[in-house]
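Numbers here simply count residues along the sequence, with the first being 1. When reading the values below, keep in mind they use all heavy atoms of this one structure, side chains included, and skip hydrogens, waters and symmetry mates.
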Amino acid sequence: MAASEGVLLGMGNPLLDISAVVDDAFLTKYDIKLNNAILAEEKHLPMYDELASKSNVEYIAGGATQNSIRVAQWMLQTPGATSYMGCIGKDKFGEEMKKNAQAAGVTAHYYEDDTAPTGTCAVCVVGGERSLIANLSAANCYKSEHLKRPENWALVEKAKYIYIAGFFLTVSPESIQLVAEHAAANNKVFLMNLSAPFICEFFRDAQEKVLPYVDYIFGNETEAKIFAKVRGWETENIEEIALKISQLPLASGKQKRIAVITQGADPVVVAEDGKVKTFPVILLPKEKLVDTNGAGDAFVGGFLSQLVQGKSIEDCVRAGCYAANVIIHRSGCTYPEKPDFN
């Protein structure tokens, strides 16, 4: 079946990725680690200009949730099947973002803030691996008042699946709660992502409050281990952790939770109904790898594209792996004109 209009809604931090290949000295200079995602501190601020001055710099519309929604939209090929909300600034980067969403076929309702510039994310690539440093700026200004406006709440009403990356917990937990409760009351599917070690560690309370509403939780192996560690689970076994996450308490009206943990080149772990399954990913020779930026987001986007069509978990994971594989062949979370998935 074709996806209906607005079936999938995403809410998150729209960021413009400023992506460049750097060296180890650059990582040391700004005290950043590969395969990590953090929020920018004072010491990171000069880095954005330094990246922008590199000859190989690229500007790509990003932000975790927005990436996933764009990929789902690309996989679905049904204009307007997806929608998105987040906050941008009234500036050149904000205009870029609007153009990009429109070109991708996503119905984007941005809240435009006139006090802060559009958020950016430094993407530092070394040997195909990436480190992300987000300067949220305007993205941090999202307010639940925007969500409650009739024309925006209409997107929530229309959606049957709602996806929010964990990064949004630092911005508007109130908006997340409103949407999570709406999903529970109306038998809709609510999905979230662990998103980053710092979210699991320092935003545990906000995460804990929304978890009972989450039907599907995504994450990678590093995030899953930190999630387990802060809860004193004393295991680093990903299958065990996925199982425990899937069995955490549910809000009333929720039937079950499925945990989906990716592990880079290792198999995807899915925990559901007290059982664990693993699915191999499509392997890519190292020399074909351009960068891993957006791979996890693309996995979620591919997964969602099948889920909203009522496909099996197997098909969802297969589509997730397909999308992630396409993305790592390219710079940033970008894709060719049409998918080749069946």
Side-chain angles (χ1 to χ4, degrees), residues 12-67 87 89 93 116-141 165-171 193-207 219-231 236 262-265 286 289-297 327-328 331-333:
N13 301 334
L15 304 173
L16 191 75
D17 283 355
I18 304 175
S19 178
V21 174
V22 300
D23 52 19
D24 289 330
F26 188 92
L27 300 181
T28 310
K29 178 176 174 183
Y30 291 109
D31 189 24
I32 50 187
K33 297 180 186 68
L34 283 179
N35 292 317
N36 201 5
I38 59 172
L39 293 178
E41 295 167 39
E42 201 62 40
K43 65 180 177 192
H44 298 120
L45 299 179
M47 180 180 63
Y48 295 86
D49 285 338
E50 191 173 336
L51 277 176
S53 69
K54 293 198 175 291
S55 58
N56 64 6
V57 69
E58 292 182 272
Y59 295 89
I60 305 158
T65 306
Q66 187 163 241
N67 283 343
C87 184
F93 285 172
T118 296
T120 49
C121 182
V123 181
C124 306
V125 180
V126 178
E129 306 289 338
R130 56 88 179 135
S131 186
L132 307 175
I133 305 89
N135 185 8
L136 297 181
S137 290
N140 205 25
C141 302
F167 293 120
F168 204 52
L169 287 166
T170 76
V171 172
N193 203 311
L194 299 178
S195 290
F198 85 88
I199 297 287
C200 302
E201 221 167 342
F202 305 114
F203 291 86
R204 180 184 165 172
D205 293 351
Q207 196 181 48
N220 67 25
E221 74 279 38
T222 322
E223 295 148 10
K225 284 177 188 171
I226 296 282
F227 186 93
K229 192 176 139 191
V230 299
R231 283 168 181 72
E236 290 219 325
T262 58
Q263 317 184 75
K286 188 80 171 141
L289 175 71
V290 175
D291 72 51
T292 54
N293 182 27
D297 303 335
I327 294 310
I328 59 180
S331 184
C333 198

Under the rule for side chain to side chain contact (heavy atoms under 4.5 Å, CB included), what residues qualify as partners of Thr222, not counting sequence neighbours?
Pro197, Asn220
Would you say Glu236 has more than 12 foreign heavy atoms packed within less than 6.0 Å of its CD?
no
Could you tell me whether the side chain of Val123 reaches within less than 4.5 Å of the side chain of Glu58, counting heavy atoms only?
no
Which heavy atom of Leu169 sits nearest to which heavy atom of Ala206, and what is that distance?
CD2-O, 3.8 Å
Closest non-hydrogen atoms of Gly62 and Asn67, given as atom of the first, atom of the second and distance, are CA-OD1, 3.3 Å
Separation of Ile60 CD1 from Leu15 CG (nearest 0.5 Å):
13.0 Å
Should Ile226 and Leu194 count as side-chain neighbours, where that means a heavy-atom distance under 4.5 Å?
no
Closer than 3.5 angstrom, by distance alone: can the side chain of Thr120 be matched with the main-chain N or O of Leu16 as a donor-acceptor pair?
no
Give me the atom names and distance for the closest heavy-atom approach of Leu51 to Ala20.
CD2-CB, 3.7 Å
Please report the interatomic distance OG1(Thr65) to CZ(Phe168), rounded to the nearest 0.5 Å.
8.0 Å
Please name all residues satisfying side chain to side chain donor-acceptor pair (under 3.5 Å) with Asn13, sequence neighbours left out, ordered by chain then number.
none
Residue pairs meeting side-chain hydrogen bond (donor to acceptor under 3.5 Å, both in side chains), one or both in residues 30-43, sequence neighbours left out, come to Tyr30-Glu50, Asp31-Lys43, Asn35-Glu129
With heavy-atom distances below 4.5 Å as the criterion, would you say the side chains of Gln207 and Ile199 are in contact?
yes
How close do Ser19 and Val125 get, counting heavy atoms only, and between which atoms?
OG-CG2, 4.2 Å
Side chain to side chain, Asp17 and Tyr59, heavy atoms closer than 4.5 Å:
no
Residues at least two apart in sequence or cross-chain that pass side chain to side chain donor-acceptor pair (under 3.5 Å) with Thr262, listed by chain then number, are none
Here the gap from Phe26 atom CZ to Lys29 atom NZ, rounded to the nearest 0.5 Å, amounts to 7.0 Å
Shortest non-hydrogen separation from Tyr48 to Ala40 and the atoms involved
OH-CB, 3.5 Å
Under the side chain to side chain contact (heavy atoms under 4.5 Å, CB included) rule, collect the residues that match up with Val126, sequence neighbours excluded.
Val22, Asp24, Leu27, Leu34
Considering non-hydrogen atoms only, spot the tightest contact between Met47 and Ile133 and give its length.
CE-CB, 3.8 Å
My understanding is that only residues two or more places apart in sequence, or in another chain, count here; which of them pass side chain to side chain contact (heavy atoms under 4.5 Å, CB included) with Ala295?
Ile328
Sorted by chain and residue number, the side chain to side chain contact (heavy atoms under 4.5 Å, CB included) partners of Arg204 (sequence neighbours excluded) come out as Glu208, Val230, Arg231
ring-ring contact (aromatic ring centres under 6.0 Å, His included) against Phe167, all qualifying residues, sequence neighbours excluded:
none
First locate atom CD1 of Ile327, then atom CG of Asp297, and finally report the distance between them rounded to the nearest 0.5 Å.
9.0 Å
For Phe202, the ring-ring contact (aromatic ring centres under 6.0 Å, His included) test, sequence neighbours excluded, returns none
